[in-house]
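Below is one structure, written out as structure tokens; comments come after it.
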Amino acid sequence: MTATRTAQEVALPLGSVDLGHLVFTRGVSHLTLRVDDSMEHLFRARFDGKVPDIGVDGGIVTVRYRPSLRPVHGEITLSGRVPWYIQARWGMSHVVADFGNLELRGLEISGGSSHVEVRLPRPRETIGVRIGGGASEVELMRPAGVPVRVHVGGGVSDLAVDDFRLGSAGGKTDWRSPDYDRRAGRFDVEIGAGASKVTIRT
């Protein structure tokens with residue numbers, strides 16, 4: 001399959017792809033991520049400036065931002081007809097993602113990310129979410145009634161998980177919803193050392 005490209009838009013037909021993998025290889029900023037289960041594309045991307053390099057290999061979509069003198073605002077819409085794994089390397093900033101109607105297989109946000117807001121879907125099984133060390137001002141919103149486990153590998157400050165609040169702690173932290181061990185559909189969140197202002201709520 002060949003991606004359709006215009007000056008500021010890239011799109012790829014869904015074809016026979018049954019699993020999507022979105023990878024940001026060089027950081028990502030000022031981006032909105034959405035899901036559309038009615039469109040006939042695997043993904044559709046639009047940008048208001050210099051379009052990142054986007055490569056496609058089967059269901060793997062690789063996005064590499066290029067140097068720019070000003071922020072490039074963009075929007076990527078993913079097909080809701082297939083499950084997705086989302087991976088961001090080298091940081092995220094000013095990113096809003098609504099995965100409410102997506103079958104999410106996993107989410108990785110690299111260290112140093114900031115100003116990230118993610119709406120998570122209702123899971124059918126245990127879904128792993130990884131947030132790298134040094135992340136700040138990250139908010140994860142999950143559907144009501146979905147249990148979560150949060151493990152922090154080192155020092156953390158301003159962590160809020162539902163009604164649990166932690167001002168600061170120097171060691172490891174492990175918290176889980178009361179019914180976490182009894183439910184199949186749940187989130188397992190791992191946060192690297194040095195994170196601050198991380199909120200996980202319904």
**Study point:** Spacing of CG belonging to Asp158 relative to CZ belonging to Arg165, to within rounding of 0.5 Å
**Key:** 10.5 Å

Review point. Can Ser38 and Asp36 be counted as having a side-chain donor-acceptor contact under 3.5 angstrom?
Key: yes

Exercise for review: Count the heavy atoms of every other residue, nucleotide or ligand shown that sit under 6.0 Å from NZ of Lys197, and state whether that count exceeds 12.
Suggested key: no

**Study point:** Heavy-atom side-chain proximity of Phe47 to Leu31 below 4.5 angstrom
**Key:** yes

Practice item. Taking Ser79 for its side chain and Leu42 for its backbone only, find out whether a donor-acceptor pair lies under 3.5 Å. Key: no

Check your understanding: Under a 4.5 Å cut-off applied to non-hydrogen side-chain atoms, are Phe99 and Ile86 in contact?
Key -> yes

Exercise for review: Say whether, by atom type as modelled, one donor and one acceptor occur between the side chain of Lys50 and the main chain of Pro67 under 3.5 angstrom.
Suggested key: yes

Review point. Roughly how far apart are His30 NE2 and His94 NE2, rounded to 0.5 Å?
Key: 5.0 Å

**Study point:** Ion pair check, Asp98 and Arg34, cut-off under 4.0 Å
**Key:** no

Review point. Are Val82 and Leu19 close enough that some pair of their side-chain heavy atoms sits under 4.5 Å apart?
Key: no

Practice item. Step by step, work out the side chain to side chain contact (heavy atoms under 4.5 Å, CB included) result for Val61 and Ile54. Key: CA-CA 7 Å; Val61 180; Ile54 299 179; 4.0 Å; yes

Exercise for review: Answer yes or no: is there a side-chain heavy-atom contact under 4.5 Å between Val198 and Val156?
Suggested key: no

Check your understanding: Does Met39 share a hydrophobic cluster with Leu104, counting links as ILVMFWY side-chain heavy atoms below 4.5 Å and allowing steps through other members?
Key -> no

Check your understanding: side chain to side chain contact (heavy atoms under 4.5 Å, CB included) between Val150 and Phe164: does it pass, once the steps are laid out?
Key -> CA-CA 11 Å; Val150 180; Phe164 172 74; over 6 Å; no

Check your understanding: Within a strict 4.5 Å, meaning less than it, do heavy atoms of the Ile131 and Val138 side chains meet?
Key -> yes

Exercise for review: Taking atom CZ of Arg124 as the centre, report whether more than 12 heavy atoms of other residues, nucleotides or ligands fall under 6.0 Å from it.
Suggested key: no

Point to revise | Salt bridge Asp181-Arg176, side-chain N to carboxylate O under 4.0 Å | key: yes

Review point. Roughly how far, to the nearest 0.5 Å, is the CZ atom of Arg44 from the CG atom of Leu78?
Key: 10.5 Å

**Study point:** Verdict with reasoning, Phe24 to Val95, per side chain to side chain contact (heavy atoms under 4.5 Å, CB included)
**Key:** CA-CA 12 Å; Phe24 296 96; Val95 173; over 6 Å; no

Point to revise | Side chain to side chain, His41 and Leu12, heavy atoms closer than 4.5 Å | key: no

Point to revise | Single-linkage hydrophobic cluster Val189~Tyr85, side-chain heavy atoms < 4.5 angstrom | key: no

Practice item. Say whether Met141 and Met92 are linked into one hydrophobic cluster, either directly or through other cluster members, by side-chain heavy-atom distances under 4.5 angstrom. Key: no

Exercise for review: Kindly compute the distance separating CZ (Arg26) from OH (Tyr65), expressed to the nearest 0.5 Å.
Suggested key: 13.0 Å

Practice item. Measure the CZ-CG distance between Phe43 and Leu33 for me, rounded to the nearest 0.5 Å. Key: 12.0 Å

Practice item. Determine, using the 4.5 Å side-chain heavy-atom cutoff (strictly less than), whether Trp90 and Val72 are members of one ILVMFWY cluster. Key: no

Review point. Counting N and O atoms only, with roles assigned by atom type, does the side chain of Arg119 sit under 3.5 Å from a partner on the main chain of Val96, one being a donor and the other an acceptor?
Key: no

Review point. Just checking, is any N or O donor in the side chain of Thr25 or Arg89 under 3.5 Å from an acceptor N or O on the other one?
Key: no

Practice item. Report the C-alpha separation of Leu159 and Ile191 in whole Å, then their side-chain angles, then the decisive distance to 0.1 Å, and conclude whether the side chain to side chain contact (heavy atoms under 4.5 Å, CB included) test is met. Key: CA-CA 10 Å; Leu159 171 67; Ile191 304 172; 4.2 Å; yes

Exercise for review: State which residue, out of Arg183, Arg186, Arg149, fulfils the side chain to side chain donor-acceptor pair (under 3.5 Å) condition with Thr126.
Suggested key: Arg186

**Study point:** Same cluster (ILVMFWY, side-chain, under 4.5 Å), Val56 and Ile76
**Key:** yes

Point to revise | Nearest-0.5 Å distance that lies between atom CG in Leu107 and atom CG in Leu140 | key: 7.5 Å

**Study point:** Heavy atoms of other groups near Trp175 CH2, more than 12 under 6.0 Å
**Key:** yes

